Amino acid sequence: MRLVRGISGIAAAGLVLLALVVIGAALIGERRGFPGPGAASVTWHIAVAVTAVVAQVYSDRVRGAASLGAAAVVLGSGTVLLWTQWWG
């Protein structure tokens with residue numbers, strides 16, 4: 001279980017960093033007058049990053065199936081974000 005929580009923790013941190021990059025790109029695009037990621041994409045990245053962090057904190061605090069379920073939420077939400085916002 002420790003390995004799964006570790007992987008989901010890395011994924012949660014990556015989602016936070018990705019959200020910060022998308023926010024930065026939107027701000028720079030706005031200031032320099034070129035198209036950025038857009039409000040919908042920024043909103044999705046922030047929402048998924050917050051969801052991942054909350055689920056990861058929960059996963060780290062509980063044990064057993066609940067911990068595995070919360071780690072699955074982190075990985076699943078990250079997968080959905082990447083699929084819909086980056087690959088789709």
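None of the values given here were measured: they were computed from a predicted structure.
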Say whether [X] and [Y] are linked into one hydrophobic cluster, either directly or through other cluster members, by side-chain heavy-atom distances under 4.5 angstrom.
| X | Y | answer |
| --- | --- | --- |
| Val53 | Leu20 | yes |
| Leu17 | Leu27 | no |
| Val48 | Val16 | no |
| Leu15 | Trp87 | yes |

### Message
To the nearest 0.5 Å, what is the distance between CD1 on Ile23 and CD1 on Ile28?
### Response
12.0 Å
Could you list the donor-acceptor pairs under 3.5 angstrom formed between side-chain atoms of residues 66-83 and any protein atom two or more places apart in sequence or on another chain?
{"from": "Ser67", "atom 1": "OG", "to": "Ser59", "atom 2": "O", "distance (Å)": "2.9"}
{"from": "Ser67", "atom 1": "OG", "to": "Ser59", "atom 2": "OG", "distance (Å)": "3.2"}
{"from": "Ser77", "atom 1": "OG", "to": "Val73", "atom 2": "O", "distance (Å)": "2.9"}
{"from": "Ser77", "atom 1": "OG", "to": "Val74", "atom 2": "O", "distance (Å)": "3.1"}
{"from": "Thr79", "atom 1": "OG1", "to": "Leu75", "atom 2": "O", "distance (Å)": "2.8"}

#### Entry: Arg5 backbone acceptor or donor facing Gln56 side chain under 3.5 Å
yes
### Query
Any chance CZ of Arg32 has more than 12 other-residue heavy atoms, nucleotides or ligands included, within less than 6.0 Å?
no
### Query
Excluding sequence neighbours, so at least two apart, what forms side-chain contact (heavy atoms from CB on, under 4.5 Å) with Val22?
Pro37, Ser41, Val42, His45, Trp86
